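All of these numbers come straight from a predicted model, not from anything done at the bench. To find a chain, count down the sequence lines: A is the first, B the second, and so on, and within it residues start at 1.
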Number of protein chains: 2
Amino acid sequence: MTELTVGELARRTGVAASALRYWDTVGLLPATRVSGQRRYPESAVALVGAILLLRDAGFSLEEQKALAAARPADPGEWRRLARRKQAELDDQIATAQAARDALDHALRCGHPDVHDCPTFRAIAAARLSGKPLREAHTHH
Amino acid sequence: MTELTVGELARRTGVAASALRYWDTVGLLPATRVSGQRRYPESAVALVGAILLLRDAGFSLEEQKALAAARPADPGEWRRLARRKQAELDDQIATAQAARDALDHALRCGHPDVHDCPTFRAIAAARLSGKPLREAHTHH
DNA sequence: CAACCCCTTCACGTAGGCTTGAAGGCAAGA
DNA sequence: TCTTGCCTTCAAGCCTACGTGAAGGGGTTG
């Protein structure tokens, strides 16, 4: 009754059914079975929301699995993971902000070609001796 | 003299030579040839800095090619692209900030299990009716 | 001449998170 | 019974931005 099929959950969340099946097979969002078919409780809708939120936060599916496993069992570990990711998010925000500011300057400074703008050049040059950041993102 | 080989440019910028060759083959950072070998002007160092910066900004290599093509030829188009990406960055920052705040709340609110926290549930629920954002990122 | 070092191309591998297609099952309605 | 519609599995493909390894060229030094 209150059980949803993949298709219904897909419709309610906007997540493709194929993705939900994938999440089931990798163990991120397990489903029960009724005569071979996946069934999800109503509460799965909220779970999907949380998954999307954490995905936006930059948690990979593997990380989310680790998080989900640690959540009820080991609150200390959960907090540790959360804090680590929070730091990553701070880096990410700072970098995005820097890039945004660089674009902002390029749009405002009036130079017809950005590469003629000394400020832009300075920011770009700083990037060469700066933090890689992509490695933090590429890292698994 | 002032011409650099891939290896030298790699050393000066910290970017792998294989990556620089790749950037050449896809047309992002073209090199001239001297008896078959790639040669880059000194100014390429600054270009690499700009490429890294824009990459951080979320420009894909394809987007950067479009950007580079529009830069000297069509400043209006350049500004259009820059503004569009700026808007994307704003979205990205807002989302990252929301995720960060959600984690922050989860860490502070004292609920042993985040899913018991009504605030967290509300944020996650909001994500379901929010902007996909991933589509903007998946789009080319 | 050989050693060395850097360069070349080409093809394939990798990772993450799915999507797509083929081939088929099961239950309700006409 | 046949059709409709939603479900299943499995294999393979896709996308980005490279990394890797093989096989070979070329120039300088000892």
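Identified under the salt bridge (Lys or Arg N to Asp or Glu O under 4.0 Å) test for residues 102-119 of chain A, with sequence neighbours left out: R100(A)-D104(A), D104(A)-R108(A), D113(A)-R71(B). The ring pair (Phe, Tyr, Trp, His ring centres under 6.0 Å) analysis of residues 38-95 of chain B, with sequence neighbours excluded, yields no pairs. Applying the ring pair (Phe, Tyr, Trp, His ring centres under 6.0 Å) definition to pairs two or more places apart or across chains, those involving residues 87-126 of chain A are H115(A)-F120(A). Annotation: salt bridge (Lys or Arg N to Asp or Glu O under 4.0 Å) contacts involving residues 5-14 of chain B, sequence neighbours excluded, comprise R12(B)-E42(B).
Remark: R39(B) engages no residue in a salt bridge (Lys or Arg N to Asp or Glu O under 4.0 Å) (not counting sequence neighbours). The side chain to side chain contact (heavy atoms under 4.5 Å, CB included) check on A16(B) picks up S18(B), A19(B), with sequence neighbours excluded. For R80(B), the salt bridge (Lys or Arg N to Asp or Glu O under 4.0 Å) criterion is met by E77(B), not counting sequence neighbours. Looking at residues two or more places apart in sequence or on another chain, you find no side-chain hydrogen bond (donor to acceptor under 3.5 Å, both in side chains) involving R21(A).
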Below 3.5 Å between N/O atoms, which protein atoms pair up with nucleotides 23-29 of chain D? Just atom names and distances, please.
none

List, with names and distances, any nitrogen or oxygen atoms from the protein found under 3.5 Å away from nitrogen or oxygen atoms belonging to nucleotides 13-15 of chain D.
none

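Non-hydrogen atoms lying under 4.0 Å from DNA chain D are contributed by R21(A), all within residues 11-28 of chain A.
The rotation axes computed at either terminus of the helix from dC1(C)-dG30(D) to dA30(C)-dT1(D) lie 30° apart, taking five pairs at each end and rounding to 10 degrees.
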